[in-house]
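Reading through the structure tokens given below for one structure.
Computation of the quantities below employed the complete heavy-atom set of this structure, encompassing side-chain atoms and omitting hydrogens, waters and symmetry-equivalent molecules. All residue numbers in this chain count up from 1 along the given sequence.
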Amino acid sequence: SSNLNLLNENILTYTTSFKEHAFDVVAGVTFQSNHEERTYSEAQDFPNYTLGANNLGLADKPLPPSGSVQEWGLNSYLGRLNYRFKDRYLFTVTGRIDGSSRFGNNNRYGFFPSGAFAWRISDEAFLKSSKVVSDLKARVSYGITGNDGIGLYSSLSQYGTGRTVFGDQQVLMTQASRIANPDLKWEKTAQFDVGFDLGLYNNRLQFTADYYVKTTSDLLLGVQLPVTTGFTSVTRNVGSLENKGFEFGINTVNIDGVVKWTSNGNISFNQNKVLKLNDADQYLVGATYGAGTSIVKVGEPVGSFYGNVFDGIWQTTDEIKAAGAMARSGDLPGALKYKDLSGDGVFNEATDRQILGNGLPKFIYGFTNTVSFKGMDLSIFIQGVQGNQIMNYTRRSMDSSDPSQAFLKSYYESAWRADKPSQTSPSIRQWRPTNTDSYFVEEGSFLRLKNVSLGYNLPLKSKYLNKARVYISGQNLLTFTKYRGYDPEVNSDFNSNTSYGVDVYAYPSARTYTIGASFSF
């Protein structure tokens, strides 16, 4: 394989000031292109391996070779104007035009402007001599950004090669593998933000607050197609969604003497909601793991878990027979049973579904304390996430009836048995899960002792050594959570923009201890 990436950036800056006015202007144009070629050859059954892969023609069984080439390009024109008046009133205006080869011919370029204003109130005459307020700045901004994070050639028809049999002979064929969408265009996100920064008592107490509204339009999404079309999905601009919320931060100097103690914390609240879908009120999204794991629905957060609702455990054969169509074919005592959400007296995996939760948290937070005394310093950092759910596909795989899978000891101990019935844990190997159901949706909130670090600066006096420090630290030391998987901080579907909080054998964050030393000369 070979890959060539070319980047050319040209930036012009002009700065000037007179009296109480100051300007700086930036203009630029950038070009980027990427060209990648791959060739693959394989052969089997060699008389000897002396030459390795340097002579594939020696093999008794050569296999068809393959090759590919792909290109993409970006082109941008940008400009920015900053204006300052008395260093108290700050204005910024920017604009850029971006072009991407990933979109249709008529929509490759998009225009993305922004503007911002800041007022340093603490420099005004009525606050300049204040003994309480040491810094106060108000901010407001609005801007639009673009996203082209989709696969290459998504706007074009694509054809692939394969092999089939005609007249008892294997022949090469060409077939359509992707449907064209020449109207594909930039996804745009417009964000409004208003906030302030406040410093009190010579900045011993600093506080920052922001309120934001982000609206994404022309949302890019891979939409599933009926199999009768001959294709599986197509990338479209399907609608818009909104994120809005508050962000707060605080820094304090609690003690400032021989002993120094500082604290800083932050918390962010976010609400996500799908505002519009162009040709439907919802899309079912097949995640990487499991069909129909999530749904994109107007009025709901993106990536909500969608499936059947767990309603206890079948206890006896007579109970299953009496339930009739509410039980699935092949269900045995100890199997999961589900709610009839449609109310028709029949359980149907496809129609008796509802939203089960969402992988996006309601708020996240972090808090750090640092204490130092005569060369020693101690730092403790905790972080937390609240209000999200996790689809535990690891447990779904390990608790199910698949005999090829191991299962958890805790499941073995709590599983339904005829002599030890349960309404919360099914029997071992006697049931099968639906595609997605609430039994495997778990609370994902957690509080974690993320990092603890203890260090000491050695009191050395040497003309060769300026500073020496030894330290010990630990990461991911403690986690408090109701989640039954290995790690609540997980998203196995990290490549998807519509699926969050899915755990499929995700490797947990390691607890790490570090001992080290640093020297400067």
Sorted by first residue and then second, give each salt bridge (Lys or Arg N to Asp or Glu O under 4.0 Å) pair with at least one member in [range]; sequence neighbours left out.
range	answer
residues 253-272	none
residues 195-215	R139-D197, R139-D210
residues 370-391	D377-R469
residues 86-98	R84-D87, R88-E124, R96-D98

Sidechain-backbone polar pair: [X] side chain, [Y] backbone, donor-acceptor under 3.5 Å:
X	Y	result
D193	S141	no
D503	A506	yes
N278	N237	yes
R80	T94	no
Q389	E443	no
S294	S304	no
Q423	I313	yes
N8	F31	no
S33	G73	no
N202	S134	no

Tell me, please, which residues at least two apart from [X] pass side-chain contact (heavy atoms from CB on, under 4.5 Å).
X	result
S101	W72
Q70	E36, L152, Y153
N272	L241, N243, N270, P301, V302, L360
Y505	T394, S397, M398, Q405

key: Distance, nearest 0.5 Å, that separates CZ of F103 from CD1 of I150   =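 So the gap between those two atoms works out to 4.5 Å.
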message = To the closest 0.5 Å, what do you measure between NZ (K273) and CG (L275)?
response =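 Reported value, rounded in 0.5 Å steps: 6.0 Å.
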Consider only side-chain N and O atoms of [X] and [Y], and report whether a donor and an acceptor are under 3.5 Å apart.
X	Y	result
Y338	D437	yes
W186	D218	no
S520	N466	no
N3	N5	no
N388	K362	no
N254	S263	yes

message = Run the salt bridge (Lys or Arg N to Asp or Glu O under 4.0 Å) test against R236 and tell me which residues pass, sequence neighbours left out.
response =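 Once residues adjacent in sequence are excluded, the partners of R236 under the salt bridge (Lys or Arg N to Asp or Glu O under 4.0 Å) criterion are D279.
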ask   = Taking only residues two or more places apart in sequence, or in another chain, which ones meet R484 in a salt bridge (Lys or Arg N to Asp or Glu O under 4.0 Å)?
value =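 With neighbours one apart ignored, the set is E442.
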Closest approach of [X] and [Y], non-hydrogen atoms and distance?
X	Y	answer
G265	F367	CA-CD1, 3.9 Å
K188	F111	NZ-O, 4.1 Å
N392	G485	ND2-N, 4.0 Å
L341	D352	N-OD1, 3.3 Å
S425	A415	OG-CA, 3.6 Å

Hey, is [atom1] on [X] packed in by over 12 heavy atoms from elsewhere, all under 6.0 Å?
X	atom1	value
F91	CZ	yes
F207	CZ	yes
K185	NZ	no
Q354	CD	yes

task = For the residue pair N147 and T216, establish whether any side-chain heavy-atom pair is separated by less than 4.5 Å.
result =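 The answer is no; the side chains never approach within 4.5 Å.
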inquiry  = Could you check whether any side-chain heavy atom of R448 comes within less than 4.5 Å of a side-chain heavy atom of P488, counting everything from C-beta outward?
reply    =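 The answer is yes; the side chains approach within 4.5 Å.
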task = Determine the sole option in L12, I11, I97, N75 for which the side-chain contact (heavy atoms from CB on, under 4.5 Å) test with V29 is passed.
result =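 Going through the options one by one, the only one that passes is N75.
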request  = Applying side-chain contact (heavy atoms from CB on, under 4.5 Å) between V385 and each of T481, L447, I364, report the one that passes.
outcome  =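 Only match with V385 under side-chain contact (heavy atoms from CB on, under 4.5 Å): I364.
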query = Under 30°, 30 to 60°, or over 60°: which ring-plane class applies to F246 and Y211, parallel, tilted or perpendicular?
reply =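 Ring orientation of F246 relative to Y211: tilted.
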request  = With sequence neighbours excluded, tell me which residues meet ring pair (Phe, Tyr, Trp, His ring centres under 6.0 Å) with F269.
outcome  =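 Checked F269 against ring pair (Phe, Tyr, Trp, His ring centres under 6.0 Å); matches are F363.
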Residue pairs, two or more places apart or on separate chains, that pass side-chain hydrogen bond (donor to acceptor under 3.5 Å, both in side chains) and touch residues 21-31 =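 As it turns out, the side-chain hydrogen bond (donor to acceptor under 3.5 Å, both in side chains) pairs with a partner in residues 21-31, which skip direct neighbours, are H21-Y83, D24-N82.
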